[in-house]
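Below is one structure, written out as structure tokens, with a few remarks after it.
We use all heavy atoms of the structure for the numbers below, so side chains are in, but hydrogens, waters and symmetry mates are not. Lettering follows sequence order; numbering is per chain, from 1.
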Amino acid sequence: MSTRRLLLAAVWAFAAVPLAGQTPVTGTAAGLVLNVRTRTDAGTALGFAGSVRFRRLELQVRYAEGTLQPADGASVGRDLVEGAVALRFVATPWLSLQPGPHARRFDSPVGAERWVTWQLGGRADVAIAGTGVRGHAMLWRGMGLEVNVPPGSGSARGGEVGVTIDLGPRPFWFALAYGIDQAQVRDATRRETVETLTFTAGLRRR
Amino acid sequence: MALALLLASPLRAQNGSASEVLTGAVRAYRDLDFDAAARLLRRVLAPPLAVGLDDAERARALTYLGAAEHYREQPDSAIAVFRRLVVLAPRHRPDTLVFPPEITRLYNAVRSSTRIVAVRLPADTEFGVGGKLVAWLYPSTPHAVTVAISGEDGHALRTVYAGPIGDSLDVSWDGRDSTGSFATGDRLWLTVSSRGSRGAGGAGGAGGAGGAKLRVPLRVEVSAPDTLPHPPPLSALLPERATRETGLRSLGGAALLAAGALTLPSLVAPGERASGTRFAVAGALGVSGLVGYLSRRAGRPLPENAAINQTRRDAWRRQDAAVTRENAGRMRAARVRIRGGSAVVLEGGGGDP
């Protein structure tokens, strides 16, 4: 058996160990509203998010789309579509790692512009008021960035800070998060910085 | 040679075998020569002749000796001999065809005041889980007894029976001590303590005029598979009441995150002019921190910790119950072997007739 297979087996064995007091499978489904700002435009997007968690592993998906209006009011607006998938590994109740792809597309009359980033992030969770109110902070770094117009690659990094309110035994939860990311295309002066303020309202199934 | 033969004949007559001497004593008793009968009977009951007597012969000799002492007007000696007879054979009764009523009355009086129990149990018993060792107890007279299994040091491991004994009593023991574990060892004891009606002694203290204490050595071997250890007691439980640090930790954590929200743009995109949306999150975190601080002041209950602790306790109980079930299954295959020895009377059970 190769070292790689052994490593994968060890990771799976560790991931299969439940954390204390944890039920085997949990899931969430949520709707979200994003306020998106770039250097040149801003707007609102709507979307959804969901997750399924089995012991230490959690699969997250997120999708949103909306329209950004230019700040100067003169330029043409552009549509925004973004989606992300992440496989989160909960190492401890307060620390987790999450790799996964993130794609963002801007549609404008001159064409579609796609940014695809492979992210690797670390996230810390903090209990603020029991399990009812929790805060989190995440920093991630792009392991790869690809842009189609003009074709190229580069680097990216970002982060997010937020607060989540869980309504106790009821299955509802709400979250407010601020995120910012910056992508830079190599050998070009092009740089894209996007800020998001996300409000999420969701259901949780234990 | 002739001299030797002449000398040998009287010596042989003088020594004789135990049975011959006993027969001579009985003959002397019937001839009303009580002094000679008593002398011969004491001889036969003392070493070396006593070694040749079995229990039945010894009981017969004691009966004749007690009667002879009575007729020799030695009442104390008669009582002492009859008490010895009761200790030797609690169920023995003088033959009423041989001994007159005054002798049987005296013997019954001694027997009634001498509370002692004889124990009979199998020399070698082997049983599995659910099986038992059965000991048969028969007393000199109805009274109260306590039957216990004791360790080498005399400390009672389990009281098997405490109560009255009439004609006889079967006492069973499953090989376990009072905690339910098998009691093993080469020097365990089945202890029978007779309790006197005149308040002399309770269980294990029935000496003096009240009763007797008798012990039967037991050798107990248990062949059982290894059992699993029970999980260690829960030690790492979360505090279920807030301390002063609890609220401060909530406030500190929220403040740290709020500061993180404010400084995130300079970390991720230095030089960029960030919007004010981050203040909304920082503010929400700040308010949450204050709520957390106020709701988790010292002494307040922490339901989330209580829930986690309960989950841990439940898991521990499940684990403990699983070990108990598994061990019970393994112990079903256990075999117990008990070998009993000869009874030893520790304290006499005499009383005034």
Candidate pair A:Val126 and B:Leu257, rule side-chain contact (heavy atoms from CB on, under 4.5 Å), full reasoning
CA-CA 9 Å; A:Val126 178; B:Leu257 287 175; 4.1 Å; yes
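- Judged by distance alone, with hydrogens and angles left aside, the side-chain atoms of A:Glu195 form a donor-acceptor pair with the main-chain N or O of B:Ser275 at under 3.5 Å.
- Within 6.0 Å of atom CG in B:Asp226, 12 or fewer heavy atoms from other residues, nucleotides or ligands are found, so the atom counts as exposed in its surroundings.
- Heavy atoms of A:Ile180 lying under 4.5 Å from chain B belong to its backbone as well as its side chain.
- Enclosure of atom CH2 in A:Trp118 is not indicated, since only 12 or fewer non-hydrogen atoms of other residues, nucleotides or ligands lie within 6.0 angstrom.
- Between A:Gly158 and B:Val268, the shortest heavy-atom distance links the atoms CA-CG1, 3.5 Å.
- In this structure, B:Leu285 and A:Ile128 have side chains that are in contact, with non-hydrogen atoms separated by less than 4.5 Å.
- With a threshold of 4.5 angstrom between heavy atoms, A:Leu139 approaches chain B through side-chain atoms but not through N, CA, C or O.
- Comparing B:Ala261, B:Gly252, B:Ala254, B:Gly253 by heavy-atom pairs within less than 4.5 Å of chain A, the highest count is held by B:Ala261.
- By the 6.0 Å contact criterion, CZ on A:Arg191 is enclosed, its count of non-hydrogen atoms from other residues, nucleotides or ligands being greater than 12.
- Per-residue counts of heavy-atom pairs under 4.5 Å with chain A were compared for B:Leu294, B:Val291, B:Val281; the largest is that of B:Val281.
- Residue B:Arg335 qualifies as enclosed at atom CZ: its count of foreign heavy atoms under 6.0 Å is above 12.
- No more than 12 heavy atoms of other residues, nucleotides or ligands lie within 6.0 Å of CZ in A:Arg37, so this atom counts as exposed by the packing criterion.
- Chain A forms more heavy-atom pairs under 4.5 Å with one residue of B:Glu272, B:Gln310, B:Arg296, B:Arg249 than with any other, namely B:Glu272.
- The minimum heavy-atom distance between A:Val163 and B:Ser288, with the atom names listed, is CG2-OG, 3.7 Å.
- Residue A:Arg157 touches chain B through both its backbone and its side chain, counting heavy-atom pairs closer than 4.5 Å.
- Around CZ of A:Arg205, the count of heavy atoms belonging to other residues, nucleotides or ligands within 6.0 Å does not exceed 12.
- With a 4.5 angstrom heavy-atom cutoff, A:Ala42 does not touch chain B via any of its atoms.
- Interface check for chain B: of the options A:Val133, A:Val161, A:Asn35, the most heavy-atom pairs under 4.5 Å are formed by A:Val161.
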May I have the step-by-step check of side-chain contact (heavy atoms from CB on, under 4.5 Å) for B:Thr277 and A:Thr196, ending in yes or no?
CA-CA 8 Å; B:Thr277 52; A:Thr196 56; over 6 Å; no
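- Contacts of B:Ala274 with chain A are made by both backbone and side-chain atoms, with heavy-atom separations under 4.5 Å.
- In this structure, A:Arg204 places its CZ atom where more than 12 heavy-atom neighbours from other residues, nucleotides or ligands lie under 6.0 Å away.
- Scanning both residues, A:Ala129 and B:Gly292, for their nearest heavy atoms gives CB-CA, 3.7 Å.
- Residues A:Leu176 and B:Ala284 approach most closely at CD2-CB, 4.1 Å, considering heavy atoms.
- Counting heavy atoms of neighbouring residues, nucleotides and ligands inside a 6.0 Å radius, atom CD of A:Glu146 does not exceed 12 of them.
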